[in-house]
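Computed from heavy atoms alone, side chains included, the values below leave out hydrogens, waters and symmetry copies.
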Amino acid sequence: MPATRTLPTREAADLIGLTRELAEKELAPRAAEWEANEKFPRDIFRTLGRAGLLGLPYPEDFGGGEQPYEVYLQVLEEIGAVWSSIGVGVSVHALSCFALAAYGTDEQKEEWLPGMLGGETLGAYCLSEPHAGSDPAAMRTRAVRDGDHYVLNGSKAWTTHGGYADFYTVMARTSEDRSHGISCFLVPADTPGLSADPPERKMGLTGSATATMRFDGVRVPRHRRIGAEGQGLPIALAGLDSGRLGIAAVATGLAQGALDHALRYAQERETFGKPIIEHQGLAFVLADMAAAVDAARAVTLAAARLKDLGLPFGREASVAKMVATDNAMKVTTDAVQVLGGYGYTRDFPVERYMREAKVMQIFEGTNQIQRMVISRALKKDSRGIITVRNKEQQ
């Protein structure tokens with residue numbers, strides 16, 4: 001039961017159709033096996049890149065799709081409904097491109113962005129450290145100027161695509177100033193001194209490689225610094241607002257996929273002479289699941305529309321990330337319950353969906369951090385009614 005969508009253009013509708021076709025033909029047949037074997041499907045990202053799905057929210061001038069976030073997030077949701085590891089990977093790749101696209105010079109964009117957006121290269125994002133997850137300003141990885149280079153030393157934890165990416169967007173400390181002492185660098189994967197630990201052994205998203213990255217005297221040319229020296233933390237935080245929307249969309253897709261499987265099972269499985277969906281106790285569970293998916297989609301797209309209008313959306317992004325991932329955890333757990341004993345086995349995908357949902361409450365800022373962001377915004381947010389005129393009224 002694919003989600004019903006309202007899309008702003010015919011092009012956007014065609015894009016959703018293309019995504020569904022790719023998901024059905026390229027992702028669905030491989031997801032269970034590759035997750036079970038903890039294999040990273042690098043070729044899938046090349047396929048998505050050639051289809052134009054890796055650079056959707058970025059400018060056409062540099063190879064992107066120039067789609068509004070309202071459309072991009074619904075593409076992510078469609079991918080997440082079939083294979084969450086790929087959905088998370090697409091979102092992380094977009095996040096890894098953000099610094100260059102938003103803060104890079106024209107020369108930097110022209111040199112590197114087309115390959116990144118076209119899928120020739122896959123990105124990773126290095127912000128968190130073993131002791132600095134929710135508090136990125138506490139990072140210790142350092143970048144010291146040495147002539148026309150910076151020399152990076154330290155480590156970055158929980159790096160999605162770690163060891164498989166072609167480039168790493170890295171935040172490193174260039175001075176002791178807590179808020180203005182961090183800078184952003186674009187580091188090629190083959191730079192001497194850069195290495196990856198073995199991938200983490202995770203509860204879910206096992207088809208997505210997550211590793212600690214080591215920087216041991218990594219020399220990065222000065223022209224690979226993105227933005228001004230000391231601008232790294234604002235760049236990182238701005239990127240995370242958009243990244244949270246990406247995770248909210250993937251979580252919504254994951255919940256939709258779980259609902260679809262549970263609904264299909266409930267229509268086919270019979271007890272006491274009728275399909276179990278006709279038993280009120282279970283029908284109400286499915287109704288709650290559907291309401292949770294719809295609510296997650298609504299808050300996510302509401303935040304996306306604010307972003308598309310160029311309006312502040314940080315608080316709304318945190319609301320979307322929190323609601324969508326909490327709802328995904330509830331929906332996937334209920335999907336296991338609907339399938340009963342079968343739901344607890346690996347013969348059906350819902351147990352995998354439940355394991356995958358858990359981490360979405362943790363990465364891109366834990367949901368406790370989202371509540372902190374929301375509560376702080378409530379103290380100072382004075383926005384009221386926002387009127388947006390259409391072109392005919394202008």
Side-chain angles (χ1 to χ4, degrees), residues 2-23 48-49 51-81 87-104 109 113-114 116-119 123 238-253 256 293-321 323-324 364 383 386-394:
T4 301
R5 304 190 181 281
T6 56
L7 295 158
T9 63
R10 181 69 252 173
E11 179 187 9
D14 291 342
L15 187 58
I16 293 296
L18 170 66
T19 305
R20 285 182 177 174
E21 181 180 353
L22 281 172
L48 297 179
L53 300 185
L54 288 190
L56 287 176
Y58 292 112
E60 283 184 334
D61 291 348
F62 298 104
E66 203 149 338
Q67 290 294 318
Y69 250 68
E70 176 185 2
V71 174
Y72 162 62
L73 294 183
Q74 294 188 76
V75 169
L76 270 186
E77 188 188 322
E78 291 284 340
I79 295 171
V88 168
V90 173
S91 179
V92 168
H93 178 75
L95 176 60
S96 71
C97 297
F98 172 82
L100 177 60
Y103 296 89
K109 293 176 188 177
L113 206 50
M116 293 159 66
L117 300 183
L240 286 176
D241 282 341
S242 300
R244 285 164 181 163
L245 291 182
I247 296 306
V250 176
T252 301
Q256 180 72 57
V293 174
D294 287 352
R297 181 174 296 120
V299 295
T300 300
L301 294 182
R305 290 173 187 129
L306 288 176
K307 175 176 170 56
D308 289 335
L309 290 168
L311 297 170
F313 70 101
R315 174 171 67 85
E316 290 78 6
S318 286
V319 170
K321 196 273 181 181
V323 170
E364 298 281 0
R383 282 177 289 168
I386 300 173
T387 301
V388 180
R389 296 182 299 172
N390 59 37
K391 292 181 179 179
E392 288 73 20
Q393 292 173 313
Q394 291 178 344

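- A side-chain donor-acceptor contact under 3.5 Å links His93 to the backbone of Met116.
- Here Thr300 contributes atom OG1 and Ile247 contributes atom CD1; the two are 11.0 Å apart, rounded to the nearest 0.5 Å.
- A distance of 10.0 Å separates CD in Glu316 from CG in Asp241, rounded to the nearest 0.5 Å.
- Note that CG of Asp61 is 10.0 Å distant from CG of Leu113, once rounded to the nearest 0.5 Å.
- Look at Glu78 and Arg5 and you find a salt bridge, because one of the NZ, NE, NH1 or NH2 atoms lies within 4.0 Å of a carboxylate O, short of that distance.
- Heavy-atom minimum distance, Ala3 versus Glu77: CB-OE2, 4.3 Å.
- Panel note: side chain Gln74, backbone Glu70; a donor-acceptor pair is recorded below 3.5 Å.
- Defined by atom type and a distance below 3.5 Å, a donor-acceptor pair is present between the side-chain atoms of Gln256 and Arg297.
- Considering all non-hydrogen atoms of both residues, Ala94 and Tyr58 come closest at O-OH, 2.5 Å.
- Between the Asp308 side chain and the Pro68 main chain, no donor and acceptor come within less than 3.5 Å of each other.
- No donor-acceptor pair closer than 3.5 Å links the side chain of Ser91 to the backbone N or O of Gly87.
- Listed here is the closest heavy atom pair of Ala296 and Val323: CA-CG1, 4.4 Å.
- Annotation: side chain of Leu76 is not in contact with side chain of Thr19 (no heavy-atom distance under 4.5 Å).
- Put simply, the side chain of Val75 does not reach to within 4.5 Å of the side chain of Leu18, judged on heavy atoms.
- Pairing each heavy atom of Ala320 with each of Ala248, the nearest pair is O-CB, 3.6 Å.
- Annotation: the span from Asp14 atom CG to Thr9 atom OG1 amounts to 8.0 Å, rounded to 0.5 Å.
- To the nearest 0.5 Å, atoms NZ (Lys307) and CZ (Phe313) are separated by 4.0 Å.
- Using modelled atom types, one side-chain atom of Arg244 and one backbone atom of Glu364 make a donor-acceptor pair closer than 3.5 Å.
- Dense packing is recorded around CD of Glu66, with more than 12 heavy atoms of other residues, nucleotides or ligands lying under 6.0 Å away.
- Partner of Leu56 under the side-chain contact (heavy atoms from CB on, under 4.5 Å) criterion, out of Leu117, Leu15, Val90, Leu73: Leu15 alone.
- Checking side-chain atoms of Tyr69 against main-chain N and O of Ala303 turns up no donor-acceptor pair under 3.5 Å.
- Taking every heavy atom of both residues into account, Lys109 and Gly104 meet most closely at CE-O, 3.2 Å.
- Of all the heavy atoms in Ala251 and Ala324, the pair that sits closest is CB-O, 3.8 Å.
- Contact annotation: the side chain of Pro312 never approaches that of Leu306 to less than 4.5 Å [non-hydrogen atoms, C-beta and beyond].
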